[in-house]
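Data block below; observations after.
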Amino acid sequence: MIINECKIKIWKQASKQASKQISVTEAEDGQQAVELFKEKPAGTFDAILMDLMMPVMDGYTATRKIRSLERSDAKTIPIRAITANAFQEDAEKCIAVGMNAHLAKPLDIEKMKKTIKSICS
């Protein structure tokens with residue numbers, strides 16, 4: 001699942017270069033991401049690529065809500081932040097709310113490909 005439109009384009013481009021085909025589910029904001037995750041059966045998504053700054057609900061709050069859900073994959077699904085917030089404190093905050101990784105913009109396409117491959121393997 002990918003949250004926020006600009007990230008969708010980045011993910012699709014990077015996924016073309018990854019070793020496996022990737023199916024993308026789009027969410028416009030954090031609230032929609034939480035609702036999509038809740039609606040679909042456990043195991044539907046392999047990973048979540050989360051924007052941090054969104055209208056309605058930010059990525060930090062959305063991640064906390066997803067992690068707090070009572071379902072088998074809520075605590076284990078990989079959630080990666082993609083953000084312009086590039087400081088160490090930003091990465092630490094992402095980890096503290098339950099994200100697995102923090103990718104700062106501008107994105108390094110090689111690092112993005114490694115992230116996709118690690119999710120898909």
Side-chain angles (χ1 to χ4, degrees):
M1 179 187 323
I2 302 184
I3 297 81
N4 199 306
E5 187 175 338
C6 66
K7 308 308 183 283
I8 293 165
K9 292 176 186 169
I10 294 166
W11 189 261
K12 284 182 178 178
Q13 179 63 33
S15 71
K16 288 178 186 176
Q17 299 177 26
S19 61
K20 291 187 178 183
Q21 182 64 26
I22 295 175
S23 174
V24 175
T25 300
E26 303 172 16
E28 294 296 319
D29 56 55
Q31 180 64 44
Q32 188 180 37
V34 172
E35 293 305 318
L36 280 167
F37 189 79
K38 284 169 45 175
E39 290 171 3
K40 302 292 183 182
T44 297
F45 302 109
D46 294 316
I48 298 173
L49 186 61
M50 183 75 74
D51 191 1
L52 298 180
M53 306 300 178
M54 297 177 284
V56 184
M57 181 186 294
D58 65 49
Y60 300 112
T61 303
T63 297
R64 281 192 295 268
K65 287 186 178 275
I66 289 169
R67 293 293 190 218
S68 71
L69 293 172
E70 293 295 326
R71 54 183 275 174
S72 62
D73 59 346
K75 305 226 180 341
T76 59
I77 186 165
I79 301 177
R80 305 317 202 243
I82 291 189
T83 179
N85 302 342
F87 295 107
Q88 181 63 32
E89 309 85 66
D90 300 313
E92 291 168 1
K93 185 175 179 182
C94 290
I95 301 303
V97 301
M99 293 182 190
N100 302 86
H102 172 274
L103 300 172
K105 294 189 271 181
L107 290 177
D108 175 332
I109 197 66
E110 290 305 314
K111 190 173 184 179
M112 188 65 168
K113 286 193 292 188
K114 286 179 186 176
T115 297
I116 292 169
K117 287 180 182 179
S118 73
I119 291 169
C120 294
S121 55

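Predicted model, so just to flag it, every value in this text is computed and none were measured.
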Let me confirm one number: the OG1-CD distance from T25 to Q32, rounded to the nearest 0.5 Å. 10.5 Å
Taken to the nearest 0.5 Å, the spacing of L52 CG from I82 CD1 works out to 9.5 Å
I'd like to check the salt bridge (charged side-chain N to carboxylate O under 4.0 Å, His left out) partners of K38; sequence neighbours left out, ordered by chain and number. E35
Minimal non-hydrogen separation, M54 against G30, with atom names: CE-N, 3.4 Å
Just to verify, what does D73 make a salt bridge (charged side-chain N to carboxylate O under 4.0 Å, His left out) with, not counting sequence neighbours? R71
For the atom pair CG (N100) and CD1 (I95), what is the distance rounded to the nearest 0.5 Å? 6.5 Å
Show me, pair by pair, the donor-acceptor contacts under 3.5 angstrom made by side chains of residues 55-62, not counting sequence neighbours?
unit_1 : atom_1 : unit_2 : atom_2 : d
D58    : OD1    : Y60    : N      : 2.9
D58    : OD1    : T61    : N      : 2.7
D58    : OD1    : T61    : OG1    : 3.1
T61    : OG1    : R64    : NH2    : 3.4

Validation row: R80, I48 side chains within 4.5 angstrom (heavy atoms): no
Going by the rule side-chain hydrogen bond (donor to acceptor under 3.5 Å, both in side chains), which residues pair with Q88 if we only count those two or more places apart in sequence or in a different chain? E92
Please enumerate all residues that pass side-chain contact (heavy atoms from CB on, under 4.5 Å) together with A104, with sequence neighbours excluded. A86, H102
Nearest 0.5 angstrom please: L49 CG to L103 CG, how far? 7.5 Å
Quick check: do D46 and P78 have side-chain heavy atoms less than 4.5 Å from each other? no
side-chain contact (heavy atoms from CB on, under 4.5 Å) with K75: which residues, sequence neighbours excluded? none
How about T44 and E39: do any of their side-chain heavy atoms sit closer than 4.5 Å? no
Might you point out which heavy atoms bring L36 and F45 nearest each other, and give the distance in Å? O-CE1, 4.0 Å
Is there a side-chain contact between R67 and I79, using heavy atoms and a 4.5 Å cut-off? yes
